[in-house]
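In what follows, a structure is listed as structure tokens, so that the remarks can point back to it.
Worth knowing before you read on, the calculation uses all heavy atoms, side chains too, and leaves out hydrogens, waters and symmetry mates. Predicted, not measured: the structure shown is a model, and the values here were computed from it.
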Amino acid sequence: MSDVSAKVPVMSRFCRSASQVLEIEQQAIAGLHQYLNEAFDRACEMILHCGGKIVVTGMGKSGHVGSKIAATLASTGTPAFFLHPGEASHGDLGMISEGDLIIAISNSGESDEILALLPVLKRRGIPLISMTGKPESTMAREANVHLCIRVEREACPLGLAPTSSTTATLVMGDALAVALLEARGFTADDFALSHPGGALGKRLLLRVSDIMHAGDALPLVSHEASISEALLEVSRKGLGMTGIVAADGTLAGIFTDGDLRRILDLQVDIHHTSISQVMTANGITVGPEMMAAEAVKLMETRKINGLLVVDAQRRPLGAFNMHDLLRARVI
């Protein structure tokens, strides 16, 4: 018989505390639905039609969250940057230009550093969107649009450390960014342009011409060359293949390591046999403008390890193999 008295794992005090935090913050996020209203629509319209940049500001933990919100906006099609309110009062306010828009963040809505900026912003006619947990606060009243981020309680048991409130702020910022992304018709290609160093950028931006070996590094021999001469070229250039060029300079064929194994089985005289007799004529080629990611798919589908790059007249321009794609982090 099974032991019905087997112990059920008991949650440690650390996990119990963490679980409570998750529950409180989930409730805080769920509570934001009530604030997706006309004010949110107006904020989106203001940002969407802003002729300048979105300047996000906030002090302390709100500043850290604001910096992330600015980065998310910037990477999803809304030009934005973070401005520290303390530094703004000492010269950095000059970073704000006519046509810009401010998003100011403060849970209390009474941040002294931000309140000190309001008269100048008003005088310069800079629109203000505030994000606070208190609709009755000074920042809420002075803003053109106020986005409420009120939470029932902080996850901190002392009610002091910003936890639920900063999470709610971050989520509201993400909601703005994604709503604007969709309104702009922002695409994966657009995203890649602001992330050229990332994996997505590599897949969507790199073209064959960016990774191919060209000039003296391009393996090529004449169609009159012997197999042994072609093998020397393959060895020298280290791409596992060589192109064979016709008398008019166009590509006549390709010879690869795989072709070498095939002809060795046939016991061909490599010193006296022309490479044109054993090459693969009309092999698979690509143009220089093909996306590197497309080349990967082509090579995987056709089960080949390298490709020659040709122009519209089939004149050889370059060559590359899987190792080049790996180095470029396309795969």
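A155 and T163 make their closest contact through N-OG1, 2.8 Å (heavy atoms, listed as atom of the first residue, atom of the second, distance). The minimum heavy-atom distance between V245 and P316, with the atom names listed, is CG2-CG, 4.2 Å. The minimum heavy-atom distance linking A295 with V208 is given by the pair CB-CG2, 4.1 Å. Across all their heavy atoms, S226 and I270 have their closest contact at CB-O, 3.9 Å. Closest approach of A319 and M241 over heavy atoms only: CB-CE, 3.6 Å. When all heavy atoms of L117 and S89 are compared, the pair lying nearest together is CD2-OG, 3.4 Å.
Taking hydrophobic clusters as Ile, Leu, Val, Met, Phe, Trp and Tyr residues chained together by side-chain heavy-atom distances below 4.5 Å, L298 shares a cluster with L317.
Scanning for side chain to side chain donor-acceptor pair (under 3.5 Å) contacts around S209 gives an empty result, with sequence neighbours left out.
Counting only distance, with no hydrogens or angles, the side chain of S19 and the backbone of C15 share no donor-acceptor pair below 3.5 Å. Judged purely by atom type and a 3.5 angstrom limit, E154 uses its side chain to pair as donor or acceptor with the backbone of S164. A donor-acceptor contact shorter than 3.5 Å links the side chain of T242 to the backbone of P219. Side-chain N or O atoms of D257 include none that pairs as donor or acceptor with a backbone N or O of L260 at under 3.5 Å. R150 contributes no side-chain N or O that, together with a main-chain N or O of Y35, makes up a donor-acceptor pair within less than 3.5 Å. When atom types are taken as modelled, the side chain of R42 and the backbone of V145 share no donor-acceptor pair closer than 3.5 angstrom.
The 12-atom threshold is exceeded at CZ of R327, counting heavy atoms of other residues, nucleotides or ligands nearer than 6.0 Å. The local environment of CG in D216 is sparse, with at most 12 non-hydrogen atoms from other residues, nucleotides or ligands closer than 6.0 Å. Residue E152 qualifies as open at atom CD: its count of foreign heavy atoms under 6.0 Å is 12 or below.
Note: E300 CD to M322 CE = 5.0 Å, rounded to the nearest 0.5 Å. Distance CD1/I96 to CG/L93: 4.5 Å, rounded to 0.5 Å.
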Quick one: side chains of residues 67-74, donor-acceptor pairs under 3.5 Å with protein atoms, not counting sequence neighbours, listed by atom name and distance.
{"unit_1": "K68", "atom_1": "NZ", "unit_2": "T72", "atom_2": "OG1", "d": "2.9"}
{"unit_1": "K68", "atom_1": "NZ", "unit_2": "D174", "atom_2": "OD1", "d": "2.8"}
{"unit_1": "T72", "atom_1": "OG1", "unit_2": "K68", "atom_2": "O", "d": "3.0"}

Which donor-acceptor pairs under 3.5 Å do side chains of residues 24-34 form with protein atoms, sequence neighbours excluded?
{"unit_1": "E25", "atom_1": "OE1", "unit_2": "T167", "atom_2": "OG1", "d": "2.5"}
{"unit_1": "Q34", "atom_1": "NE2", "unit_2": "G31", "atom_2": "O", "d": "2.9"}

Anything under 3.5 Å between a donor and an acceptor, one on a side chain of residues 47-61, the other on a protein residue two or more places apart or in another chain? List them.
{"unit_1": "H49", "atom_1": "ND1", "unit_2": "E45", "atom_2": "O", "d": "2.9"}
{"unit_1": "H49", "atom_1": "ND1", "unit_2": "E45", "atom_2": "OE1", "d": "3.3"}
{"unit_1": "T57", "atom_1": "OG1", "unit_2": "L83", "atom_2": "O", "d": "2.7"}

Return all side-chain donor-acceptor pairs below 3.5 angstrom for residues 128-136, not counting sequence neighbours, or 'none' if the list is empty.
{"unit_1": "S130", "atom_1": "OG", "unit_2": "M139", "atom_2": "O", "d": "3.3"}
{"unit_1": "T132", "atom_1": "OG1", "unit_2": "K134", "atom_2": "N", "d": "3.1"}
{"unit_1": "T132", "atom_1": "OG1", "unit_2": "K134", "atom_2": "O", "d": "3.1"}
{"unit_1": "T132", "atom_1": "OG1", "unit_2": "H146", "atom_2": "NE2", "d": "2.7"}

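For the residue pair Q313 / T250, no side-chain donor-acceptor distance below 3.5 Å is found, with atom types taken as modelled. Of the N and O atoms on the side chains of T78 and R184, at least one donor lies less than 3.5 Å from an acceptor on the other residue.
Sorted by first and then second residue, the salt bridge (charged side-chain N to carboxylate O under 4.0 Å, His left out) pairs with a member in residues 87-113 form an empty list; sequence neighbours excluded.
Taking a cutoff of 4.0 Å between a charged side-chain nitrogen and a carboxylate oxygen, R236 and E233 qualify as a salt bridge. With salt bridges taken as basic N to acidic carboxylate O contacts below 4.0 Å, none links R207 and D210.
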